[in-house]
Amino acid sequence: KVAISKAFYMQTTEVTQGQWKSVMGTEPWKGPGRDTHVKEGPDYPAVYVSWSDAVAYCKKLGEEEGKTYRLPTEAQWEYACRAGTKTTWSFGNDEKALGDYAWYRENAWDLDEKYARQVGLKKPNAFGLYDMHGNVYEWCHDYYEEDYYKQSSEKDPTGPASGSFRVVRGGSWSNYSRGTRSAFRSWVAAAHRYTIRGFRLVRELD
């Protein structure tokens, strides 16, 4: 168990292609081999972004708006995902309800619809956040360490000081239900870009 002591704002959806283009002026989801697993449109998640790409977006948007944006810590992400619950998913323990809240393997990949969906089409959690389960994995601020939380600070942990991988959370449209659980932790090299990964922002309070 860890405690989040400071209030924060979290984006209600994953960063969209439209939002990315308006800030960065690029389209990283376009390119050889990418169009097979990417649908294009302003409301689809921005994918094929590395951890550094996501951090650069946070910085540029912050400079434009005079606010402080960043990636959520892993602890903030899970706090927001759970929305006050201790169950397998934010809506409870019944996997039969997962399709109401998430795009995952059974209602995407298995139907040969192998791409992320437009954000906000499924039900939100109790905090009003969409697609915390499934759709695309979301980059977190933290380096990954398997047993980090055995020795971490109980208050506002920010992850290990160094590491080889960054944390991604939430699962994606290609994951089985297990990978979309609130507690499921995953990791990937920070430089990696792929169709199943995107991100959402945290904004610090003024």
Side-chain angles (χ1 to χ4, degrees), residues 10-24 26-51 53-54 57-58 61 71-72 77-78 80-83 85 87-92 94-140 167-186 188 192-202:
M10 180 174 261
Q11 189 170 355
T12 54
T13 70
E14 293 145 347
V15 171
T16 65
Q17 293 176 15
Q19 290 167 337
W20 178 278
K21 283 171 67 176
S22 71
V23 174
M24 306 300 281
T26 62
E27 297 175 308
W29 49 88
K30 284 188 174 180
R34 294 183 183 178
D35 48 1
T36 5
H37 294 306
V38 179
K39 288 279 186 183
E40 286 191 55
D43 295 326
Y44 286 91
V47 292
Y48 280 98
V49 292
S50 68
W51 184 89
D53 295 337
Y57 176 92
C58 294
L61 181 64
L71 296 177
W77 190 96
E78 186 167 326
C81 177
R82 287 188 176 280
T85 66
T87 45
T88 307
W89 294 279
S90 61
F91 53 84
D94 186 359
E95 188 177 324
K96 290 176 184 173
L98 181 57
D100 293 335
Y101 293 84
W103 296 107
Y104 70 116
R105 196 174 187 95
E106 285 191 17
N107 61 10
W109 178 282
D110 288 351
L111 302 181
D112 205 30
E113 296 174 358
K114 300 176 180 179
Y115 50 86
R117 301 305 205 282
Q118 292 168 302
V119 301
L121 296 180
K122 295 294 188 181
K123 290 181 179 178
N125 70 10
F127 284 175
L129 305 175
Y130 294 86
D131 301 307
M132 295 296 285
H133 306 298
N135 211 27
V136 292
Y137 271 112
E138 300 178 11
W139 287 111
C140 291
V167 172
V168 288
R169 295 293 296 256
S172 77
W173 52 265
S174 70
N175 282 94
Y176 291 105
S177 58
R178 179 178 178 274
T180 67
R181 293 177 298 119
S182 300
F184 187 79
R185 305 179 69 214
S186 193
V188 72
H192 201 256
R193 298 179 175 94
Y194 200 49
T195 177
I196 61 171
R197 277 187 293 278
F199 67 106
R200 74 179 73 215
L201 306 185
V202 155

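What you see is a predicted model; the values in this text were computed from it and never measured.
Between Tyr48 and Thr195 the shortest side-chain heavy-atom distance falls below 4.5 Å. Considering only heavy atoms from C-beta on, His133 comes within 4.5 Å of Ser90 through its side chain. Using a 4.5 Å heavy-atom cutoff, the side chains of Ser182 and Thr87 are not in contact. At least one side-chain heavy atom of Tyr57 sits less than 4.5 Å from a side-chain heavy atom of Val23.
For Asn135, the side-chain hydrogen bond (donor to acceptor under 3.5 Å, both in side chains) partners at least two apart in sequence or on another chain are Glu14. Residues passing the side chain to side chain contact (heavy atoms under 4.5 Å, CB included) test with Lys114, sequence neighbours excluded: His37, Trp109, Asp112, Trp173. Considering only residues two or more places apart in sequence or on other chains, Gln11 meets the side chain to side chain contact (heavy atoms under 4.5 Å, CB included) condition with Thr13, Val15, Gln19, Arg200, Leu201. Every residue meeting the side chain to side chain contact (heavy atoms under 4.5 Å, CB included) condition with Asp53, not counting sequence neighbours, appears here in chain and number order: Trp20, Val49, Ser50, Arg193. Scanning for salt bridge (Lys or Arg N to Asp or Glu O under 4.0 Å) contacts around Glu95 gives an empty result, with sequence neighbours left out. Partners of Trp103 according to the side-chain hydrogen bond (donor to acceptor under 3.5 Å, both in side chains) rule, which considers only residues two or more places apart in sequence or in another chain, do not exist here. Not counting sequence neighbours, the partners of Asp110 by the salt bridge (Lys or Arg N to Asp or Glu O under 4.0 Å) test are Arg105. Residues passing the ring-ring contact (aromatic ring centres under 6.0 Å, His included) test with Tyr101, sequence neighbours excluded: Phe91. Residues that satisfy the side chain to side chain contact (heavy atoms under 4.5 Å, CB included) test with Ala126, not counting sequence neighbours, are Ala83. For Tyr176, there are no ring-ring contact (aromatic ring centres under 6.0 Å, His included) partners, not counting sequence neighbours. Scanning for salt bridge (Lys or Arg N to Asp or Glu O under 4.0 Å) contacts around Glu27 gives Lys21, Lys30, with sequence neighbours left out.
Judged purely by atom type and a 3.5 angstrom limit, Lys122 has no side-chain atom pairing as donor or acceptor with the backbone of Tyr130. A donor-acceptor pair under 3.5 Å is formed between the side chain of Arg117 and the backbone N or O of Tyr115. A donor-acceptor pair is defined here as one N or O able to donate and one able to accept, closer than 3.5 Å; no such pair exists between the side chain of Thr26 and the backbone of Pro28.
Here the SG-CZ distance, from Cys81 to Phe127, works out to 10.5 Å after rounding to the nearest 0.5 Å. The distance from the CD atom of Gln118 to the CD atom of Gln17 is 9.5 Å, given to the nearest 0.5 Å. Here the CD1-CG distance, from Ile196 to Asn175, works out to 6.0 Å after rounding to the nearest 0.5 Å. One finds the CE atom of Met10 at 7.0 Å from the CD atom of Glu138 (value rounded to the nearest 0.5 Å). Put simply, CZ on Arg181 and CG on Leu98 are 11.5 Å apart, with the number rounded to the nearest 0.5 Å. Going from atom OG1 of Thr12 over to atom CG of Asp131 covers 10.0 Å, rounded to the nearest 0.5 Å.
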* Asked: For Trp139 and Val188, what are the C-alpha separation, side-chain angles and deciding distance, and is it a side chain to side chain contact (heavy atoms under 4.5 Å, CB included)?
  -> CA-CA 9 Å; Trp139 287 111; Val188 72; 3.0 Å; yes
* Asked: After noting the C-alpha distance and the side-chain angles of Arg197 and Val136, does the key distance pass the side chain to side chain contact (heavy atoms under 4.5 Å, CB included) rule?
  -> CA-CA 5 Å; Arg197 277 187 293 278; Val136 292; 5.8 Å; no
* side chain to side chain contact (heavy atoms under 4.5 Å, CB included) between Leu71 and Phe199, intermediate numbers included -> CA-CA 8 Å; Leu71 296 177; Phe199 67 106; 3.8 Å; yes
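Scanning all heavy atoms of the two residues, the minimum distance from Ser186 to Tyr137 falls at CB-CE2, 3.9 Å. The two residues Asn125 and Ala80 have their closest heavy-atom pair at ND2-O, 2.9 Å. Annotation for Tyr194 and Val47: closest pair O-CB, 3.9 Å, computed over non-hydrogen atoms. Closest approach of Phe184 and Gly179 over heavy atoms only: CD2-O, 3.4 Å. Taking all atoms of both residues into account, the shortest heavy-atom contact from Ala46 to Trp29 is CB-CZ3, 3.9 Å.
Applying the salt bridge (charged side-chain N to carboxylate O under 4.0 Å, His left out) rule to pairs touching residues 167-177 yields Glu74-Arg169, Glu78-Arg169, sequence neighbours excluded.
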